[in-house]
Every structure is written in C-alpha cells, then in structure tokens.
Amino acid sequence: MLSSIFDGTVREARRHPLHTTLNVFGLALGVCVFLTLSLLVRYEYSYNTSIPDVDRIVRVDSHWAQVGTAPYETVSAPFRAVPFLREDFPEIEKAVRVVPTTLQIKREGSFSSFTSYQVDSNFFQVFNFRLLQGNPANALARPDGLVLSEQAAHRMFGTVDAVGRKVELINDGKKTEHVVTGVLSRQSDPGIFSDTEILVPIPTEDANTKACYQRWGSSCGEIYLKLVNAEDISNISQRLRDFVIHRASGSDSDDSSLGAHPDKQFSLSLLPITQQHFHDITVRGGEGAADQNVVNSIGVIGLLALGLACANAINLATARAMLRAREVAVCKTLGASRQRLFTQFMGEALLTATIACLIGLALCEILTPIVAVMSGEAVSVRYSFVLPLLPIIVIGTGLASGTYPATVLSRYRPAAVLAAARMPSGGRLEAKLRNALVVVQFAIAVTIVICTFVIDSQTAFIRNADRGYAMSGLLVGSPLPSQDITVQRKVLNALHSVRGVRALAFGELGPNPPNQNRSTYKLADSKDRVRVHLLLDRVGPDYFNTYKPHLLAGRWFDPKYGQDEGPDNQALENGVGNFNVVVNGTAAMRFGFTTPDAAIGHVISDQALRATIIGVVADFRFVSPHEPVAPEIIYYNSLAHTPFDDPIPAIRFDGVSTPDMISRLNRAWASVLPDTPAKFQSVDDRTQEFYQGDERRGRIFTLGAITALLIACMGLFSLASFAAVRRNHEIGIRKTLGASAQQVILLLLGDFLRPVLLACMIASPIAWVTMRSWLSGFDQRIALSPHHFLIAIAGALFISVLTVLGQTLRLARAEPARALRVE
C-alpha cells in the first residue's frame, strides 16, 4: 500500500506539475510561517520562566493617584519600604533592591557603555543565576565587587577568566575601582536580567544620602521579593493597604512620609515576575514589555497561515479531482473498494503534507533569522520545540487538506463516469465549498492587510507627529552629572564655541528624560480649590530658540523681568518665594481654563510659593506616544546663582552634517568633563525605543499579510484553473452565439471576483473593531478612515485580477470550434 501511495503521488506530480507545485509550496509556506511565528510567540511567553524558583519571586509595584493626573502604576518602588516589609511580613524570605544604571569604561580616549544594575549583596539569594566563575554567596559581598556577564568579560578581557582582575568604572563622571568577583553564565531564555552586563553593590553613600532610599515619595529602582511559598502572594497583597497606612503616614512637615492619609494617593502591589513581560505594557518604566494581545495576534496569524494553506490544498485537490475521476472509475471496475481508494488518497495527502513540512522546516531555518531582525528578539529555531510539533502538523494538515478530497474521489460511481462524455464537476455543493474557501481565505487575508495598513499609518503618524518643538537640526546630550555651577558654565561656554552651533540651552527635562520631579500646585485665586500634580522643569537662557516650542498664549521668559528668575532648590523644597512660570497646554486645561489666554496672569501655589503664569506653550512630547503628556510647570534659571540638577544640554545647529557636529560637540564636552561621555544624539535616536516596538510589530503583520494574500491567490488560481477546464465548452457556445471576447472576460472576472468582494465585506467590520481597540492604546492616534479600507480592498482586488487574468484571457480567446470539437 505504501508503494502504491508513493507511486500515485509521483504520477500526479508528473501529470500535473503546476498544481502539485502550488499544493506543496502553499502547504510549505503555511508550515514555514506557522513554525516561525510559533517560535516567536514561544520566545515571548518564555520570558522569566527559566529563573530558578520563579513562582516565588514577585516585584513590588507602586500605584499613584495624584490630583490632576490619571492614576498610574510604575515599576519603581520606594526603597524605604524594604526594611519594613521584612519586619511586617514573615512570609518574605529575601528582599533585594535593584537600580538600573549605565556604567562605562574608558579606553584609549573612547567610552564603552554597559547595561548595569546596582543591587544588594543578597541578589544571588533571590535570583539564583549560575556563575561560570566565582561564588554567588559572596560575589557581591565586598563593596568593590563586580560581577560581569560572559559577554562583558569577553568585551573587557577577551576571555571569561576574569575573576580577580581590576576594572575602573565611570558612573556619572565618578571613577571607582572594582575587582571582578564573578562571571555570570549566559541565559538561554529571555528574562529581566538577560541583558545584564555588569552587577555591582549599591554604594553605601547612596543608600545613606539619596532621597529615593529615604523617602516614601521618591524611588530610583525596583524591589524584588522572594517568598517562602508561592501561595503567600495573595496573603501579603491583602495586607499591603494597612502596611502603607501604618508605615508611610506622618505629619505634613515630615519629608520622608506621605502625609496623614497616604492610602488616598499611594498603594503597593505584588506582581509575579512570570506575568511581568506582558503586564508591564501598561506600567510606567516597563521597558521591553510586550503587548500580549499583539503576541497572541501574531500566533493567530501563524495558525491562520497554516489554515489558509490547508484550505488552498482542499481547493486545488477538489478542482483536480475531476481529472482523476476516470482513474477512480477504472480502479473500482477492477475491484478496488471505496475504503482502499480513500486510504490511497489520504495517504497521498499525508505524503504531500510530509514533503511540504520538510520544505517548510527548511524555509523556517531561513525565515527565523529574518524575523529575529524584524522583531528585535533573539529568536532561533529550537528543535526541542519544533520536532515534537512536526508530526502533529503533518497529521493535522494531511487530514485537513485530504479528508474531503479523498471522500469526493472515492465516492465516484464508475458507470456514471465512464458513460459520461464530460468529466464530473462535483455538483453545486462542491462549487459552493470552493467559493466558500476562497471567501474565507480572502476575508482573512484582507483583514490582515487592512490591519497592517492601519498599523503602518499609525506608526508613521506617531513618528512624524508634532511633538511641540522643532526636531530637525536638534541634538540632545546626556545629563551633566556635576552640580557645580562653575562646571556647568564651563560646559555651556565650551559648547557655545563649537562652529555650527546656533542655539544652546540647558533643561532638566528632555526627550526620553531619565529623571522626573513632580509637585502639587493649587489655583491660588480660585474658590474651587483646584489642585493639579505638575511635572517640574527648569530651563536656561536661549531655551526658546533651541527647542522652538509653540507659544499658545502670553510670553516666554525674559531676563529683564526680575521675577522671571526661578527658585533655587531650597526655595522649591520649602515652597517659598514669588516667581513667574510658563505652563503647558495640559496644565492650563487641568486648572480649568477654557483657553490658553485665560490662564495668563493667574497664580498657582505650592505651600507659600506663588507662581504667576506668564505664558502657555503647546505640550512637549518627551515621553512615549502610549503615555499621556503630563501637566507641566516650567521655571527659568539664568545660571547666575543657582545650578541645575543634572541638566540636559540641547543644541540647535546648521551648516554642518549631523555626525560631524556630534564629533565636535563630544570633543568640546570632553575638554571640560573628560571622564563623562556626552552622548549627543538626534531626537529620533534618543526616542527610538518608544517607536521601535510598534514598527517591528508592523513588519511582522506585513509578513503575515503577504503570506495570507499569496496563499489566498493560490486558492483563487485553483478556481480559475478549474474553470479553464470545466467552462471551455460553455465559452465556446457563448462565442458561437455572438458573445465577444470582452463580454466573456467581464463574465469570467465577475464570477472570479464575486467571492473576493464578499470576503472584503466580511473583513472590513472585523478589521475596524480590531484596529479601533488597538488604536485606543495610544495617546496620539490617527482616525480610522475609509481610505484605509478602500486602499486595502482595491489592492486585494487588483492582485486577484492579476491572479486569474491569464486563465481568463486564455478562455476568452479560445477558438469555439476547437472547444466544441473536444466536447
């Protein structure tokens, strides 16, 4: 029987090479896309799963509900909570603080940056990662200890044999010498620390002096807890509100507390790190997170590609079934049973599926690295995952694509077939099935095409949308680490002297800001007691000419007005003084002003500090397009008396290429701060992480759209191929009775495109609902327009016409006498 199945498959391939090629290639393409996207989905779902005791590790998240701003959740938590958590919850086995940072080493005048974390000495007791060298029990016990990743050790020393070697690290311009005490093994699966290159202990000075270690209202990193039992998560979560009330409350004069009722604005929650990768898409600071709906959609696209390939195989097999009708009739006449024929044809379908799966696996090896580049993930072909899946795919696709054709072929009655002058057509039921399969294929394909078009349009929109300032010709550097006003002036002077610089200014915020400070202000001259939590920024001279913000009302700061000079740090902290300020449009709206002009002249206050609004500017979008722009207050600092806190330099230039200008600025910076990298970048480069996720997902959807359309067109081609044989006689009669070639072409195209049009009508509402939900996740978004749908539908129709045009023209131009003579 096996030899009969093999011989039948080879014979059909020789007799109908085009149909066989389409069948095998269609299945192989579906299998390839399914395997590749399944590997990508598996990669996303494997995040953190390889960490030992992962079910007992949780992250402490902070939730804020401050006046004038929408409630939000953040990955950062106040480190002040750590000793109290250990004391109040015996269910906690260990707690570790983690501060993300970037450490550099300097060699031969150039800086190399490393993804780094400052952690507590018990880090490896919570995260039991394997070390290639060193003892995890004491690797971070010494203050100058240093654990390198395998990759970082190779970058620094060219070998993993690095324990005992000394390294001079630079952090915010400060040099510290460390001794390598361990080398971290490479992690096989993605996780929260899979990008780690350097681990160092938290400096004792920082823990004793920095506000984020001492105050409930400040944070600079993440807290991870290892629990005694996984079941303790719910028990601790139920008691966290009472914990916050008990531990974070205090008097209004106590800077370390959150006031008498901290639970009204602040809360804590526990997040199992197995859920972190998808949960963090809605959390501030959740870098590298993935949208679970998008990941699932990618998986669905892979499954649909496989389903479309099976539907295509059914269409091709049923269209070709009539060509084997007489073969079946002869076999039955010679004694073959229906069961034997069914087994024969099912065997051929399974053999075809096996060949297609092997080709699909080979294509998967080629496509997976491409998808890895497109998605930005380290996806690879894992045979431990793929090989157990292949038999299931072979059996599933073989049964799905072969059952119905085998049933159709095996039920032909030999007498009727041999007595007929024409081959059987399969009847109306099979014709409806073929059309239905084409409708389903194109409905899926057009839905994916519309979604892809909308995703591409939204991605282009947010990339090019007005961000409230002029991006072209603007370079932004790294925060200046020195609080010395003399050093800050020297840096300004050095950068000003660079040829090509047209404007230069400091600001404490910039595109993708590393730090953000907020405070609550109330509308002083209003009886409604309107209070808004405002984001604070201080800007220097020439800021307006550097960023070129859009002034909506009032004026910008002017040094000739003495009250324009902003407060120093002490005045801000104590809330004293009278100053002029500029606010953004969102702040004016949150205070209840109907127009920007209405805000001019009004006073907002923080304790005894009174700020008169002199101007309103359009919102600066320094943050992700998924995140709403915060209401903001801007103070002026002339740098005459008060230094900035970690000021971010911005330079507007012209007449020089961007790389040349960056090189000049870096040299000027190094003349003042030789041990601190300047890292001047364009705004696009600085905010790339905000947009690359959506861009990468758009590429994956484009891949799915192309695949779906290609497979759907193969199904449509099967209908055209079927019609070329079955309607030859009909077209001959029509032409004999006077029908022109043009009329025949229109008739055939109408028949072929009818299921495609129906598919487009089905796809449009599905795509509209899907994209409406997806767009709701953006603060800035396009409006769903009919042209998104019309262009996609027109493209699908055009491709469909090209697919069937060859067969249509051949039928329309056929000589009627030849067609009738054949019949």
Side-chain angles (χ1 to χ4, degrees), residues 64-70 217 252-253 255 258-259 264-265 468 505-509 516-541 543-544 547 549-620 622 628-642 644-645:
W64 293 92
Q66 294 153 320
V67 292
T69 60
D252 292 338
S253 60
D255 291 336
L258 293 175
K264 291 184 177 181
Q265 60 174 316
F506 278 161
E508 291 183 352
L509 294 178
Q516 299 182 42
N517 296 311
R518 290 175 167 85
S519 188
T520 301
Y521 288 74
K522 65 180 180 180
L523 190 58
D525 49 2
S526 171
K527 297 179 181 179
D528 297 331
R529 299 176 59 84
V530 179
R531 295 168 62 86
V532 179
H533 200 63
L534 298 179
L535 179 67
L536 271 63
D537 192 10
R538 285 192 291 190
V539 302
Y543 187 92
F544 193 86
Y547 275 95
H550 308 319
L551 190 63
L552 303 179
R555 65 175 178 86
W556 189 252
F557 298 109
D558 190 334
K560 70 181 181 182
Y561 296 95
Q563 203 164 311
D564 280 7
E565 183 70 29
D568 57 21
N569 291 337
Q570 187 174 2
L572 272 177
E573 187 172 344
N574 297 332
V576 294
N578 294 278
F579 310 97
N580 290 335
V581 296
V582 173
V583 299
N584 67 353
T586 296
M589 181 182 65
R590 296 284 172 82
F591 278 115
F593 300 113
T594 55
T595 64
D597 288 305
I600 304 302
H602 286 271
V603 177
I604 56 178
S605 62
D606 176 16
Q607 302 178 61
L609 186 152
R610 294 173 60 82
T612 303
I613 299 174
I614 61 169
V616 179
V617 294
D619 292 343
F620 291 92
F622 287 157
V629 175
E632 182 179 342
I633 182 172
I634 304 171
Y635 289 100
Y636 180 71
N637 181 7
S638 66
L639 208 58
H641 310 289
T642 304
F644 285 90
D645 286 338

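Values in this document were obtained by computation on a predicted structure and should not be read as measured data.
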Under the side-chain contact (heavy atoms from CB on, under 4.5 Å) rule, what do D537 and E632 come out as? Steps first, then yes or no, please.
-> CA-CA 7 Å; D537 192 10; E632 182 179 342; 3.4 Å; yes
Intermediate values then yes/no, side-chain contact (heavy atoms from CB on, under 4.5 Å), V539 and V582 | CA-CA 10 Å; V539 302; V582 173; over 6 Å; no
Residue pair N517, R538: steps toward the side-chain hydrogen bond (donor to acceptor under 3.5 Å, both in side chains) verdict = CA-CA 11 Å; N517 296 311; R538 285 192 291 190; over 6 Å; no
Just do the side-chain contact (heavy atoms from CB on, under 4.5 Å) check on F591 and Y521 with the steps written out, would you?
-> CA-CA 10 Å; F591 278 115; Y521 288 74; 4.2 Å; yes
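The two residues Y635 and P567 have their closest heavy-atom pair at CD2-CD, 3.2 Å. Residue T520 comes nearest to R531 through the heavy atom pair CG2-NH2, 3.6 Å, listed as atom of the first residue, atom of the second, then distance. For the residue pair Q563 and N578, the shortest heavy atom distance occurs at CG-O, 3.5 Å.
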Donor-acceptor contacts, no H, no angles, side chain residues 607-620, under 3.5 Å, sequence neighbours left out:
unit_1	atom_1	unit_2	atom_2	d
D619	OD1	N584	ND2	3.3
D619	OD1	G585	N	3.2
D619	OD1	T586	N	3.1
D619	OD1	T586	OG1	3.2
D619	OD2	T586	OG1	2.6

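Each of Y543, F557, F544, W556 was evaluated against Y636; a single residue qualifies, F557, per the ring-ring contact (aromatic ring centres under 6.0 Å, His included) test.
Separating the CG atom in D564 from the CG atom in N637 is a distance of 12.5 Å, to the nearest 0.5 Å.
Contact annotation: the side chain of Y561 approaches that of R555 to within less than 4.5 Å [non-hydrogen atoms, C-beta and beyond].
Note: F593 and H602 meet the aromatic proximity criterion, with ring centroids under 6.0 Å apart.
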